[in-house]
Protein chains: 2
Amino acid sequence: MTASRSRRSADDRRAQLVQIGLELLPTTPVQELTIDEVARRAGISRSLLFHYFATKREYYTAVTRAAADLMLEHLLPEPGAPADEQVTGMLDRYVGWVETFRESHLAFVRGAGGGDPWVAEVYADTRQRLVEVALTALDLPDDALRRQLVLAWFAFTEDLVGSWADAPAMSRPELIALLREVLDRLTAR
Amino acid sequence: MTASRSRRSADDRRAQLVQIGLELLPTTPVQELTIDEVARRAGISRSLLFHYFATKREYYTAVTRAAADLMLEHLLPEPGAPADEQVTGMLDRYVGWVETFRESHLAFVRGAGGGDPWVAEVYADTRQRLVEVALTALDLPDDALRRQLVLAWFAFTEDLVGSWADAPAMSRPELIALLREVLDRLTAR
DNA sequence: CCGGTTGCTGAGCAACGCTCAACAAGCTAC
DNA sequence: GTAGCTTGTTGAGCGTTGCTCAGCAACCGG
């Protein structure tokens, strides 16, 4: 609310608007956040938002991409580590991510799967990249079948970790071991 | 367009409106179909739709529930069959369902996962019922852990069958056998 | 001080969800 | 048949929201 009506650089404003979108993500499905609300929070007019993002969709896909990049950056393994540790580390960090940002992550996944194809595509890209990283770390060939299997395993993981975070029916290490075991069984063919 | 302006019974109208929603489902995400469009197709005024469904959300949750019930009815096994056949039969019919209604099913699942909590709940209910049926057929106890695992397995199945229908990387029987094997491994603990 | 670039605004349009008062089609009763 | 009731149906209109456009205002180089 302070510094209202201040003139900002284009990059600053864009970043600020995306940031506001990220803060609103846990509260509201991406596609449902209104231009009015975002503009009000930024202390600017509706029109200005359309100066930076030609359409509402363009805006919230940018927000979605930012959220996806945040998660991806958090999950990516250190390139030096041994292969096995890389995958387990990613799994561990993913569980931690869901634990920490439960609501926003749930909102993110929901918005990502549903409704808008553009948003769905952003998340599909993210999953693809995660699968590539995992296959590389496991030193497995990247054929169509294996890719499909690992993607489906990721859907399995998302669902299980989500419900586990809601009501843990097993210990955290057990969860991670189970996920790891299913992944190994699926890829060892 | 024929029979326009005809007076219908309340039940007829409701059924017609839901039917129109079902026909529009493959084309449009549930929440995005407009009252105008539906009313236009039904040959009635916008106001009449609000006479049957107090709010737009009430309308498209009704449409979603109708879609879910259609699928559920198609998947439920004949009660007389042997246990093993029941589960495999459901799997087989599920794959067939996705093959037949690829686009509408995709649209349905997307709408179900994303955006509106009410719609998500309808589909969550459907999955719960499917899991109950599966656990009963497998003659397994219905504890929290197993339920979570089977639900997650269903997410796995949805994803894999979806991508398989898009680009089959294995034969249909192989797909079903794989899914069945993963389910058995997960529940045999 | 002046002109150009650019961040920024306000008024306003179109589409959409939703409300409300009233009309009219079909039924029963006389 | 017509009076009267029920109920399916409509049109006008309001508030919100996505989006446009013409122009203001702040900074900057000359």
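Order of the sequence lines sets the chain letters (A, B, ...), proteins ahead of strands, with each chain counted from 1.
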> Please report, rounded to the nearest Å, how far the P atom of dG8(D) is from the CZ atom of Arg14(B).
12 Å

> Atom CZ of Arg40(A) to atom C1' of dT16(D): distance rounded to whole Å?
15 Å

> Using 4.0 Å as the upper bound for N to carboxylate O, is an ion pair formed by Arg40(A) and Glu37(A)?
yes

> Any sub-3.5 Å donor-acceptor pair from Gln148(B)'s side-chain atoms to Ala167(A)'s backbone N or O?
yes

> Got a sec, which residues hit side chain to side chain donor-acceptor pair (under 3.5 Å) with Glu158(B), two or more places apart in sequence or on another chain?
Tyr123(B)

> Once you measure the plane-to-plane angle for Phe53(A) and Tyr59(A), does it fall in the parallel (<30°), tilted (30-60°) or perpendicular (>60°) bin?
perpendicular

> Rounded off to whole Å, could you give me the CD-to-C1' distance for the Glu58(B) and dG17(C) pair?
14 Å

> Whole angstrom is fine here: how far is it from CD in Glu32(B) over to C1' in dG17(C)?
15 Å

> State whether Tyr52(B) places a side-chain N or O below 4.0 Å from either non-bridging phosphate oxygen (OP1 or OP2) of dT9(D).
yes

> Would you name the heavy atoms of Val87(A) and Ala134(A) that are closest together and state the gap between them?
CG2-O, 4.3 Å

> For the side chain of Ser45(A), counting heavy atoms from C-beta on, which of dT9(D), dT20(D), dT9(C) is nearest?
dT9(C)

> Considering just the side-chain nitrogens and oxygens of Arg8(A), establish if one lies under 4.0 Å of OP1 or OP2 belonging to dC8(C).
no

> Relative to the 5' end of DNA chain D, which residue comes earlier, Phe50(A) or Ser9(B), by the nucleotide with the nearest heavy atom?
Ser9(B)

> Which heavy atom in Gly21(A) sits nearest to a heavy atom in Val63(A), and how many Å separate them?
C-CG1, 3.7 Å

> Do Gln31(A) and Arg57(A) come within less than 4.5 Å of each other through their side chains, counting heavy atoms only?
no

> Could you run down the sub-3.5 Å N/O contacts of the protein with nucleotides 5-7 of chain D?
from, atom 1, to, atom 2, distance (Å)
dT7(D), O2, Arg7(B), NH2, 3.1

> Calculate the interatomic distance between Leu49(B) atom CG and dT19(C) atom P; express it in whole Å.
12 Å

> Quick one: Tyr59(B) OH to dC18(C) P, roughly how many Å, whole number?
13 Å

> Nearest whole angstrom, please: distance from the C1' of dG7(C) to the CG of Leu17(A).
12 Å

> Starting at atom CD1 of Ile44(A), determine the distance to atom C1' of dG10(C), rounded to an integer number of angstrom.
14 Å

> Which of parallel (below 30°), tilted (30 to 60°) and perpendicular (above 60°) describes Tyr94(B) and His105(B)?
perpendicular

> I'd like to compare against my own output: the B/S/- annotation of nucleotides 11-16 of chain C with a strict under-4.0 Å heavy-atom distance to protein.
BB---S

> How far apart are the closest heavy atoms of Arg146(B) and Asp143(B), and which atoms are they?
NE-OD1, 3.1 Å

